[in-house]
Protein chains: 2
Amino acid sequence: MGLFHPERDQLQLEDVLAALGNPLRLRIVCQLAQADERVCGSFAIGVTKATATHHWRVLRESGIVRQWQAGRCHYVALRRSDLETRFPGLLDVVLKDGAKDGAEEHAEPIRLART
Amino acid sequence: MGLFHPERDQLQLEDVLAALGNPLRLRIVCQLAQADERVCGSFAIGVTKATATHHWRVLRESGIVRQWQAGRCHYVALRRSDLETRFPGLLDVVLKDGAKDGAEEHAEPIRLART
DNA sequence: CCCACTGTACGACAACCTTCGTACAGAGTT
DNA sequence: AACTCTGTACGAAGGTTGTCGTACAGTGGG
């Protein structure tokens, strides 16, 4: 069950905006921007694994993130250069705004709800 | 029955992105950007009046456009400076992308479906 | 080989979104 | 006053989204 990733020139602005137009996904992207890559499970997003999988899929299929498996974990990274090529400036706008308010991760993470 | 408009400092990036994350509204915004203000009914968007009202409301309540009544018509305009102040660069990104593909209005407008 | 761990697959459910038709409200015209 | 025109209000239908629980698949460690 390979993970679908759209090619850079298939990215649709409308899909990217729709993916970012959700508070949870917007926070995830801002958190992710502070590292080059991270393990999916390391995010303190306060939803179950099933829900998290759903949101990762939306982010991946809109072309915002790339995911790959390594051992038991899935890694995830922002597709910075692809986004910058197709929609120059967009990521800057989003991240700059996210930096203002609660983009920082909690010192005491919420972790997944009920595992 | 006044039309609700959020203040500039109440605008939420997430709402703006969600509003733009719809093909119809994205096209409307790109068309609207080519003029300072326009009559709502002058857009060739191919949906009924009721549906158009819905989309104008989403755009208005997210803070992307301002609407006001003059005589029988409603006028609409992009809130360029408010958007630029709160999310600098965002509108540029969106309009630049919209300029590539079908942002131009049809010479032979579709007009409303079934009036 | 069996267990623990990370994440996906699937099915369910409620909430929301998009669209429409119909009815109505307000403004201008005749 | 009656009519037209633009757009809103409301309710309904159908689709999509966000969330969850449960079950399963793949990997690595004992």
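Each chain gets a letter, A, B and so on, in the order the sequences are listed, and its residues count up from 1. Source: prediction; values computed, not measured.
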Please report the distance, rounded to the nearest Å, between [atom1] in [X] and [atom2] in [N].
{"X": "Lys49(B)", "N": "dT19(C)", "atom1": "NZ", "atom2": "C1'", "result": "15 Å"}
{"X": "Trp56(B)", "N": "dA9(D)", "atom1": "CH2", "atom2": "P", "result": "16 Å"}
{"X": "Leu3(B)", "N": "dG7(D)", "atom1": "CG", "atom2": "C1'", "result": "10 Å"}
{"X": "Ile45(A)", "N": "dG18(D)", "atom1": "CD1", "atom2": "P", "result": "13 Å"}
{"X": "Arg38(B)", "N": "dT6(D)", "atom1": "CZ", "atom2": "P", "result": "15 Å"}
{"X": "Arg57(A)", "N": "dT17(D)", "atom1": "CZ", "atom2": "P", "result": "10 Å"}
{"X": "Glu61(A)", "N": "dT17(D)", "atom1": "CD", "atom2": "C1'", "result": "14 Å"}
{"X": "Glu14(A)", "N": "dT16(D)", "atom1": "CD", "atom2": "P", "result": "13 Å"}

Nearest non-hydrogen partners of [X] and [Y], listed with the distance:
{"X": "Arg60(A)", "Y": "Gln67(A)", "result": "NE-OE1, 2.7 Å"}
{"X": "Arg79(A)", "Y": "Glu7(A)", "result": "NH2-C, 3.9 Å"}
{"X": "Gly89(B)", "Y": "Val93(A)", "result": "C-CG2, 3.7 Å"}

Determine, using the 4.5 Å side-chain heavy-atom cutoff (strictly less than), whether Leu90(B) and Val58(B) are members of one ILVMFWY cluster.
no
Near DNA chain D, which residues from residues 68-75 of chain A have a heavy atom under 4.0 Å away?
Gly71(A), Arg72(A)
Side-chain contact test, heavy atoms from C-beta onward, threshold under 4.5 Å: evaluate it for Leu11(A) versus Leu83(A) and give yes or no.
yes
Should Thr48(A) be listed as having a side-chain N or O under 4.0 Å from OP1 or OP2 of dC20(D)?
yes
Reckon Asn22(A) has a side-chain N or O less than 4.0 Å from the OP1 or OP2 of dT17(D)?
no
Passing candidate, side chain to side chain contact (heavy atoms under 4.5 Å, CB included) with Leu32(B), options Leu59(B), Leu78(B), Leu95(B), Ile64(B)
Leu78(B)
Give the nucleotide from the list dT8(C), dT6(D), dT19(C) with an atom nearest to the side chain of His54(B).
dT19(C)
Nearest to side-chain heavy atoms of Thr51(B), which nucleotide of dT22(C), dG7(D), dT19(C):
dT19(C)
Mind checking if Val39(A) touches a base, just sugar-phosphate, or nothing, with heavy atoms under 4.0 Å?
sugar-phosphate
Name the residue closer to the 5' end of DNA chain D, choosing between Leu24(A) and Ala50(B) according to the nucleotide with the nearest heavy atom.
Ala50(B)
Is the Trp68(A) ring parallel, tilted or perpendicular to the Tyr75(A) ring (thresholds 30°, 60°)?
parallel
